Amino acid sequence: MLIDTHAHLDLPEFKRDLPQVIQRAVEAGVFTILTVGIDPPSCRRTLEIAEAYPNIYAIVGIHPHNAAEIGERDLAGLQDLARHAKVKAWGEIGLDFYRNLSPPAIQKERFREQIHIGKELKLPLVIHSRSATQETIAILQEERAGEQGGVIHCFSGDAKTAFRYLEMGFVISIPGVITFNKAQGLREVVKGLPPEGIIVETDAPFLAPVPYRGKRNEPAYVRLTAETVAQIRGQDLSEVAAITTTNARRVFNLDTQ
Ligand SMILES: [Zn+2]
Ligand SMILES: [Zn+2]
């Protein structure tokens with residue numbers, strides 16, 4: 001039994017065959033999926049999907065790429081949406097200085113605002129950080145995000161960074177990237193993490209693990225990521241499934257499998 005803690009099921013890539021995608025996840029032992037919105041329309045679609053399936057939950061918030069497009073009214077609307085029982089976290093929020101699709105200053109401002117919203121709603125925070133580790137840590141610290149805690153999604157940093165996040169009250173979410181040849185550094189980090197600090201995700205439709213690299217990713221493939229984590233840590237898949245599922249249930253306050 002596995003949980004895919006981060007997928008984007010509302011994106012056009014799944015428009016044609018979402019029921020089959022979800023069926024394949026169940027067949028692979030992935031009974032629970034958290035699907036993440038990136039802007040207001042995407043958050044609304046995400047919640048509709050969560051309402052349609054008992055074991056799918058929603059995460060709502062404004063992605064750093066979309067930070068420049070939205071205003072105060074959008075954020076207020078999303079806060080109303082987030083009071084729905086199927087919404088289990090606020091995200092993904094953070095900083096992406098790799099692509100800089102929104103100006104960095106606006107990304108930072110929206111990040112701080114959304115940390116406050118998540119805290120106010122008592123929802124765990126799902127953090128996206130790319131090429132922005134120092135700035136992300138500084139803002140999380142300054143805004144006391146650790147009081148709420150949450151997830152560092154699609155983690156790609158070094159061991160020191162991982163332990164810094166763990167100390168602050170976040171868990172580390174491991175993507176399919178860990179199956180890539182070049183991900184030796186990430187595999188070393190995962191070997192040394194405490195069991196209570198790890199969860200797994202696909203970030204579907206992006207970042208499909210080997211042997212599907214370059215193709216559309218889907219929640220069923222989180223199993224390949226968990227298998228790699230098991231191999232690295234010298235554990236059985238069933239052990240990794242048990243710890244990551246327990247951690248995800250704790251962090252997101254899930255009452256299902
Ligand atoms: Zn992300
Ligand atoms: Zn994402």
Side-chain angles (χ1 to χ4, degrees), residues 4-16 18 21-22 33-53 55-130 132 136 139-140 143 145 148 150-154 173 201-207 216-217 219 251-254:
D4 181 2
T5 64
H6 193 113
H8 296 277
L9 298 182
D10 72 294
L11 291 186
E13 283 87 341
F14 294 114
K15 200 163 184 143
R16 212 173 22 87
L18 184 61
V21 165
I22 291 166
I33 303 166
L34 289 109
T35 181
V36 188
I38 54 174
D39 64 11
S42 156
C43 289
R44 284 192 290 273
R45 288 195 303 269
T46 278
L47 184 53
E48 276 168 26
I49 293 168
E51 282 182 307
Y53 296 90
N55 287 348
I56 298 185
Y57 296 91
I59 298 173
V60 303
I62 304 295
H63 192 287
H65 288 340
N66 306 84
E69 304 159 10
I70 59 130
E72 297 302 325
R73 269 186 48 201
D74 294 314
L75 280 178
L78 279 190
Q79 284 181 68
D80 288 340
L81 207 66
R83 293 180 213 281
H84 191 291
K86 274 285 184 102
V87 174
K88 293 296 180 185
W90 190 274
E92 55 189 290
I93 60 173
L95 304 172
D96 194 314
F97 296 162
Y98 182 75
R99 295 185 66 194
N100 269 333
L101 295 186
S102 285
I106 295 177
Q107 291 190 42
K108 286 182 177 178
E109 201 181 306
R110 291 280 177 249
F111 186 23
R112 289 182 195 274
E113 280 171 351
Q114 293 192 84
I115 291 170
H116 292 167
I117 293 172
K119 286 173 76 173
E120 213 175 281
L121 294 169
K122 298 197 173 3
L123 289 172
L125 306 167
V126 173
I127 308 297
H128 170 113
S129 174
R130 194 159 181 214
T136 301
I139 289 179
L140 290 175
E143 305 301 336
Q148 188 59 56
V151 172
I152 307 301
H153 121 81
C154 207
S173 185
E201 67 167 80
T202 57
D203 206 14
F206 313 109
L207 296 174
R216 181 186 74 171
N217 199 359
V251 173
F252 293 109
N253 291 309
L254 303 176

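No experiment lies behind these values; they were computed from the predicted model shown.
Checking Asp10 against Ser42 by side-chain atom types alone, a donor-acceptor pair falls below 3.5 Å.
Taking the six-membered ring where tryptophan is involved, the planes of His65 and His63 are tilted, since the angle between them lies from 30° to 60°.
Residues Tyr53 and Leu9 form no side-chain contact, since every pair of their non-hydrogen atoms from C-beta on lies 4.5 Å or further apart. Side chains of Ile62 and Ile38 form no contact here, defined as non-hydrogen atoms less than 4.5 Å apart. Using a 4.5 Å heavy-atom cutoff, the side chains of Ile139 and Leu95 are in contact. Using a 4.5 Å heavy-atom threshold, the side chains of Phe111 and His128 count as separate. Side-chain contact between Phe252 and Val126 is present, with heavy atoms from C-beta onward closer than 4.5 Å. Residues Glu13 and Asn217 are not in side-chain contact: their nearest non-hydrogen atoms beyond the backbone lie 4.5 Å or more apart. Using a 4.5 Å heavy-atom cutoff, the side chains of Ile59 and Trp90 are not in contact. At least one side-chain heavy atom of Arg83 sits less than 4.5 Å from a side-chain heavy atom of Leu121.
Here the straight-line distance linking atom CD1 of Ile33 with atom NE2 of His6 works out to 13.0 Å at 0.5 Å rounding. Between atom OG1 of residue Thr136 and atom NZ of residue Lys108 there is a gap of 9.5 Å, rounded to the nearest 0.5 Å. Here the straight-line distance linking atom CD1 of Ile115 with atom CD1 of Ile127 works out to 6.0 Å at 0.5 Å rounding. Atoms NZ and OG1, on Lys86 and Thr35 in that order, are 11.0 Å from each other to the nearest 0.5 Å. Distance CD/Gln114 to CD/Glu92: 10.5 Å, rounded to 0.5 Å. With values rounded to the nearest 0.5 angstrom, Ile117 atom CD1 is found 9.0 Å from Arg110 atom CZ.
In terms of heavy-atom proximity, Ala7 sits nearest to Asp4 at CB-OD2, 3.7 Å. Considering all non-hydrogen atoms of both residues, Cys154 and Asp203 come closest at SG-OD2, 4.3 Å. Here the closest non-hydrogen pair linking Gly150 and Pro124 is CA-CB, 4.0 Å. Shortest non-hydrogen contact noted between Leu11 and Pro205 is CD1-CD, 3.8 Å. For Pro64 against Gln107, the heavy-atom pair with the smallest separation is CB-OE1, 3.5 Å. Taking each heavy atom of Leu81 and Val87 in turn, the nearest pair found is O-CG2, 3.7 Å.
For the side chain to side chain contact (heavy atoms under 4.5 Å, CB included) with Lys88, the qualifying choice from Val251, Leu34, Thr5 is Leu34, the only one to do so.
A salt bridge is absent between Glu48 and Arg45; no separation between the charged side-chain nitrogens and carboxylate oxygens falls under 4.0 Å. In summary, Glu113 and Lys119 do not engage in a salt bridge, as defined by a charged side-chain N under 4.0 Å from a carboxylate O.
Asp80 contributes no side-chain N or O that, together with a main-chain N or O of Gly77, makes up a donor-acceptor pair within less than 3.5 Å. Using a distance-only test at 3.5 Å, with no hydrogens or angles considered, no donor-acceptor pair links the side chain of Arg130 to the main chain of Tyr98. Judged by distance alone, with hydrogens and angles left aside, the side-chain atoms of Ser173 form no donor-acceptor pair with the main-chain N or O of His153 at under 3.5 Å.
Among residues two or more places apart in sequence or in another chain, the salt bridge (charged side-chain N to carboxylate O under 4.0 Å, His left out) test is passed with Arg44 by none.
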| field | Verdict with reasoning, Phe14 to Arg216, per side chain to side chain contact (heavy atoms under 4.5 Å, CB included) | value | CA-CA 9 Å; Phe14 294 114; Arg216 181 186 74 171; 3.5 Å; yes

